[in-house]
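Report on one structure; see the data block that follows.
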Amino acid sequence: MSKPITARRPLSLAIRAVFGVLFLLLGVAGFFAFAAGFADYPVVEPVPDAKPWIRGAYHVHTTRSDGNGTPAKVAREAKAAGLDFVVLTDHNDFKPPAATWMDGVLLVPGVEISTSAGHLAAFGMQRPIEGVKPWGPPEEAVAAVEAAGGTAVLAHPVQTKNPWKDEATAHQVPGFELYSADTFFRQALRSPVSRLLPAVGASLVSPVHGVMLLAVPEPRPTERYLELTRERKRIALCGNDAHGVPAYEDIFNALDMELPPDVLPGPLSQNAREAAAQVTQVLASGQALCVFRALGAPAGFALEGFDANTREAPVGTVLTVRLPEHTPGTVEVRVWGDGRLQPDGQHIELTGPGAVQVEVWAHAPGRFFGHEWRPWLVPSPVRVVPRPPGI
């Protein structure tokens, strides 16, 4: 009679252990949820009467591929987040719907092409993409986007799951997703206790704070980007890579691409095709700004001292960073590559030749009750070219 009782004992202990772990995880998540109630956004308060920047999301998926929201749902949530446009990049959607205004938001056609070397996003096509099949050679996809008059972008190129693996085409593609929400999430999966669990817990109270806790940049994307930029002008984009989980609106509130008013004054054309051309031309020019919008608006920001068309400046040039109005100690300029930040914290001497990446970071709410530095304003890099002879 005692044997069944003995046999049930290990099972009972295992069940108790599982429930113990679950209760522990719920308790930890609850702690982070409690802390999220004290997270204060934005870090930088908006400037009254500032000229509005045109705001949008780049790299968004719908039910046309693996997203869980229809284009109409994406438009509704983009409107709720205050966006003006969304660049839809459904997987291998070689015949996307034409640009259209929906619920006051411009839906811009794009595509994310699956190749044997990784994923290639593209936007701004003037003609249909032809001669490409999913998981085909990367050089065919790059050539097809160029033939269609579009701009190609290496999607999440430095990522554990889907990195870009073809060196030759990496040097040809002008666009690079420097920050990717999908990459942030996959990085968090590798640190479930220290990164993923705090974000999940925070999301129960403040979804945007939960998304922002995932934004922990790693050095490799910037290092790789600067390697490629030393050869030619490159475009930095931040990919929402939104699929609907977390909610589209939460991702849009945390991160967007913004078009400066001195480059493209609003409003956009009411002709959807013309408006899409306006948006994609600025995105392709490298003059758009990646903004972690939860931290604040970019009004007043400018990076000066280089040729805006070529994004080049000679060695020895001093760049100037114009910062938005802010409380001292809440923002700082950070520099990577061939540049040296001067003591005033707003001027960068170019030491190249090579490339320099200049970003503004903000002292944002952290996982607990303190603060952590996170990227806020991210422009495209500047190529540093040799100084002309005799100068």
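Note that these values count all heavy atoms, side chains included, but never hydrogens, waters or copies made by symmetry.
- A salt bridge links Asp182 with Arg186: at least one charged nitrogen is closer than 4.0 Å to a carboxylate oxygen.
- Within the 4.5 Å cutoff, the side chain of Glu359 has heavy atoms near those of the Tyr179 side chain.
- Counting only residues at least two apart or in different chains, disulfide bond (SG atoms under 2.5 Å apart) contacts with residues 169-200 are absent.
- Atoms CD1 and CH2, from Ile113 and Trp135 in turn, are 12.0 Å apart once rounded to the nearest 0.5 Å.
- Val145 places a side-chain heavy atom less than 4.5 Å from the side chain of Leu120.
- Put simply, the side chain of Trp53 reaches to within 4.5 Å of the side chain of Leu289, judged on heavy atoms.
- Crowding of Arg340 atom CZ: a count of heavy atoms from other residues, nucleotides or ligands under 6.0 Å not exceeding 12.
- Of all non-hydrogen atoms in Ala299 and Val47, the two that sit nearest each other are O-CG2, 4.3 Å.
- Using a 4.0 Å cut-off between charged nitrogen and carboxylate oxygen, Glu218 and Arg190 count as a salt-bridge pair.
- Residues Leu259 and Leu283 form a side-chain contact, since some pair of their non-hydrogen atoms from C-beta on lies under 4.5 Å apart.
- The shortest side-chain heavy-atom distance between Arg383 and Arg230 does not fall under the 4.5 Å cut-off.
- The two residues Val315 and Gly352 have their closest heavy-atom pair at CG2-C, 3.7 Å.
- Of the charged side-chain nitrogens involved, at least one lies within less than 4.0 Å of a carboxylate oxygen, so that Arg367 and Glu372 count as a salt-bridged pair.
- Taking 4.5 Å as the limit, every side-chain heavy atom of Cys238 sits out of range of all side-chain heavy atoms of Glu177.
- Using cut-offs of 30° and 60° for the angle between ring planes, the Tyr225 and Phe176 rings count as parallel.
- Other residues, nucleotides and ligands contribute over 12 non-hydrogen atoms within 6.0 Å of the NZ atom of Lys165.
- Residues Arg220 and Glu227 are paired through a salt bridge, judged by an N-O separation under 4.0 Å between the basic side chain and the carboxylate.
- Legend: residues meeting ring-ring contact (aromatic ring centres under 6.0 Å, His included) with His363, ordered by chain and number and at least two apart, are His371, Trp373.
- Between the side chains of Thr169 and Trp164, at least one donor N or O lies within less than 3.5 Å of an accepting N or O.
- Distance NE2/His59 to CD1/Ile251: 11.5 Å, rounded to 0.5 Å.
- Side-chain atoms of Asp90 and Thr62 form a donor-acceptor pair, as typed in the model, at a separation below 3.5 Å.
- Sorted by first then second residue, the salt bridge (charged side-chain N to carboxylate O under 4.0 Å, His left out) pairs that include residues 93-110, not counting sequence neighbours, are Arg64-Asp93, Lys79-Asp103.
- With hydrogens and angles disregarded, a donor-acceptor distance shorter than 3.5 Å links the side chain of Ser65 to the backbone of His91.
- Closest of all the heavy-atom pairs between Gln357 and Ser380 is OE1-C, 4.0 Å.
- Sorted by first and then second residue, the salt bridge (charged side-chain N to carboxylate O under 4.0 Å, His left out) pairs with a member in residues 42-60 read Arg55-Asp256, Arg55-Glu258; sequence neighbours excluded.
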Take Tyr58 and Phe85, measure what ring pair (Phe, Tyr, Trp, His ring centres under 6.0 Å) needs, and give me the verdict at the end.
CA-CA 9 Å; Tyr58 152 78; Phe85 68 88; 9.6 Å; no

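- The two residues Phe252 and Ala242 come nearest to each other via the heavy atoms CE2-CB, 4.3 Å.
- A salt bridge links Arg234 with Glu231; the closest basic N to acidic carboxylate O contact falls under 4.0 Å.
- Not a single side-chain contact (heavy atoms from CB on, under 4.5 Å) links Glu146 to another residue, sequence neighbours left out.
- Under a cut-off of 6.0 angstrom, the local environment of CZ in Phe94 is crowded, with over 12 non-hydrogen atoms contributed by other residues, nucleotides or ligands.
- Expressed to the nearest 0.5 Å, how far OG1 of Thr151 lies from CZ of Phe123 amounts to 4.5 Å.
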Is there a salt bridge (charged side-chain N to carboxylate O under 4.0 Å, His left out) between Lys233 and Glu312? Walk through the geometry before answering.
CA-CA 8 Å; Lys233 172 184 173 180; Glu312 292 180 353; over 6 Å; no

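- To the nearest 0.5 Å, atom CG of residue Leu214 and atom OG of residue Ser203 are 7.0 Å apart.
- For the pair Thr89/His61, a side-chain contact is recorded, criterion being any heavy-atom separation below 4.5 Å from C-beta on.
- The two atoms that bring Val43 and Ala364 nearest to each other are CG2-CA, 3.9 Å, heavy atoms only.
- Heavy-atom neighbours of Arg334 CZ from other residues, nucleotides or ligands within 6.0 Å: above the threshold of 12.
- Between His209 and Tyr41, the ring planes are tilted. Angles from 30° to 60° get that label.
- Scored by the ring-ring contact (aromatic ring centres under 6.0 Å, His included) test, Phe301 finds no partners at all (sequence neighbours excluded).
- The shortest side-chain heavy-atom distance between Phe185 and Leu196 falls under the 4.5 Å cut-off.
- Within a 6.0 Å radius of CD in Glu325, other residues, nucleotides and ligands contribute 12 heavy atoms or fewer.
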